[in-house]
Amino acid sequence: MAFTNFWNSLISMPSVRAEEEEEADLVDPQTTLREQCQTKGNIEALYNKYQACNDRVNSRTKTTENCMEELFDYVQELDHCVAHSLFSKLK
């Protein structure tokens, strides 16, 4: 009986929701920094190398090649660039 009363009190508790306007204003600083870093020369070159590998692999029907090395190189450089500024923007 006590559990039922407790459960009913939880269900009837008011919930607080943020207004949709406020949610739209929030921008992830990591996304913004990634967009800025992607245009840097070395990162753009790594991305192009990754895309060339993808195109090469996708053009073949039977291949054991994958583009993991190119992907890791690209993401590592991108994250390294973002890390310089990201933590100063977090609260």
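Remember, predicted model here, so these are calculated numbers, not experimental data.
Here the CD-CD1 distance, from Gln76 to Ile43, works out to 11.0 Å after rounding to the nearest 0.5 Å. One finds the CG atom of Asn42 at 11.5 Å from the CG atom of Asp73 (value rounded to the nearest 0.5 Å). Atom CD of residue Glu44 and atom NZ of residue Lys49 lie 15.0 Å apart, to the nearest 0.5 angstrom.
For residues 36-73, every residue pair satisfying the ring pair (Phe, Tyr, Trp, His ring centres under 6.0 Å) rule, not counting sequence neighbours, is listed here: Tyr47-Tyr74. Sorted by first and then second residue, the salt bridge (Lys or Arg N to Asp or Glu O under 4.0 Å) pairs with a member in residues 74-85 read Arg34-Asp79; sequence neighbours excluded.
In this structure, His84 and His80 approach most closely via the heavy-atom pair CD2-O, 3.1 Å. For the pair Asn66 and Cys53, the tightest heavy-atom approach, listed with the atom from each and the gap, is O-SG, 4.1 Å. Of all heavy-atom pairs spanning Leu78 and Gln38, the tightest one is CD1-CG, 3.9 Å.
Under the 3.5 Å distance criterion, the side-chain polar atoms of Thr63 are left unmatched by any main-chain donor or acceptor of Arg60. Not a single donor-acceptor pair under 3.5 Å links the side chain of Ser85 to the backbone N or O of Val82.
Leu33 and Phe87 fall within the same hydrophobic cluster, defined by Ile, Leu, Val, Met, Phe, Trp and Tyr side-chain heavy atoms under 4.5 Å apart, directly or through other members.
Not counting sequence neighbours, Asn48 has no partner by the side chain to side chain donor-acceptor pair (under 3.5 Å) test.
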Applying side-chain contact (heavy atoms from CB on, under 4.5 Å), run through Glu70 and Gln51 and close with a yes or a no. CA-CA 9 Å; Glu70 289 83 357; Gln51 285 298 347; over 6 Å; no
